[in-house]
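Worksheet: the structure to be examined is printed underneath.
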Amino acid sequence: LATWTRLLPRRAREAQMQRFCKAQAIQRRLEEIEVTFGELEKEGVKLEKLLRDESGRERAGPAGTGGTGRPAAAHAAPAASPAELRTQWMNQLLYLVQKKNSLVGEESDLMIAVQELKLEEQQSRLDQQLRRFMSKEEAQKTPAERAAEHETLLRLLEVVNARNALIHVQEERRLSEL
């Protein structure tokens, strides 16, 4: 029995440390995603500006530009035509949107993982409390201890149900992505 009572707290501390490390890794990744969002936003703004400027030049079509909005000499060079540039910029913009959507999905998954870690931590604490209550003989428990044990068990069931709900949400998201 003495080995058992030492082993459980040690395993609980190890599990807590693993959760802590996971939480740190998740936090780092969330910060990386935020930085990437900012970079994508800046690049997207640049591309939108290029598209608007090119579209404005094309509508204006001043004389001597060949309708491209650029000097005729530039038009004669083997550079991409305005239509090709617009297509290239639109493709880049679409790529940025796809990348951002992918990161939003990853961010959502990470937020679910954070919730799951919080619930795991709660479950661990409640498990330990329940073990302490159950280690005492039923005849030796006071009515207040019995009530506290019952309350702990109810809270533990709520946490388990919440974890199951999170797992269900993750499964539904994965199925919807297929």
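Below, all heavy atoms of this structure are taken into account, side chains as well, without hydrogens, waters or symmetry copies.
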Indicate yes or no: at least one non-hydrogen side-chain atom of L103 is less than 4.5 angstrom from one of L40.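 Yes, at least one pair of side-chain atoms sits under 4.5 Å.
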Using the rule that Ile, Leu, Val, Met, Phe, Trp and Tyr join whenever any side-chain heavy atoms are under 4.5 Å apart, tell me whether [X] and [Y] fall into a single cluster.
X    : Y    : result
V114 : I33  : yes
L119 : L154 : no
L110 : I112 : no

Exercise: identify the closest heavy-atom pair between [X] and [Y]:
X    : Y    : result
L47  : L93  : CD1-N, 3.7 Å
T152 : L130 : CG2-N, 4.0 Å
V104 : F37  : CG2-CZ, 3.7 Å
M111 : L30  : SD-CD1, 3.8 Å
A113 : I26  : CB-CD1, 3.6 Å

More than 12 heavy atoms from other groups under 6.0 Å of CD on E137: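 Open: at most 12 neighbouring heavy atoms sit under 6.0 Å from CD of E137.
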Evaluate whether atom CD of E34 has more than 12 neighbouring non-hydrogen atoms of other residues, nucleotides or ligands under 6.0 angstrom away.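 Atom CD in E34 is crowded, with more than 12 foreign heavy atoms closer than 6.0 Å.
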S108 and R173: side chain donor to acceptor below 3.5 Å: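 Result is yes, a qualifying pair exists.
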May I have the step-by-step check of side-chain contact (heavy atoms from CB on, under 4.5 Å) for E41 and K100, ending in yes or no? CA-CA 9 Å; E41 186 68 28; K100 184 175 180 183; 3.9 Å; yes
Quick one: does any side-chain atom of [X] pair with a main-chain N or O of [Y] as donor and acceptor, under 3.5 Å?
X    : Y    : value
E84  : S81  : yes
E31  : R28  : no
R163 : E120 : no
S102 : Q98  : no
K141 : F133 : yes

Note: E14-R10 ion pair, threshold 4.0 Å (strictly below):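 No.
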Does E106 come within less than 4.0 Å of R29, counting only side-chain N to carboxylate O?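 Looking at R29 together with E106, the answer is yes, because their closest N to O distance falls below 4.0 Å.
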Working to the nearest 0.5 Å, report the span between CD1 of I167 and CD of E172.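 The CD atom of E172 is 13.0 Å from CD1 of I167, to the nearest 0.5 Å.
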Roughly how far, to the nearest 0.5 Å, is the CH2 atom of W89 from the CD atom of E54?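 One gets 5.0 Å once the value is rounded to the nearest 0.5 Å.
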Evaluate the criterion salt bridge (Lys or Arg N to Asp or Glu O under 4.0 Å) for residue pair K136 and E149; output intermediate values, then yes/no. CA-CA 11 Å; K136 194 172 186 179; E149 180 180 1; over 6 Å; no
Sole candidate of Q16, R13, Q129, R19 that passes side-chain contact (heavy atoms from CB on, under 4.5 Å) when paired with S124: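 The passing option is R19.
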Start with the C-alpha gap between T142 and E145, add the side-chain angles, then the distance that decides, and say whether side-chain contact (heavy atoms from CB on, under 4.5 Å) holds. CA-CA 5 Å; T142 66; E145 288 173 327; 3.3 Å; yes
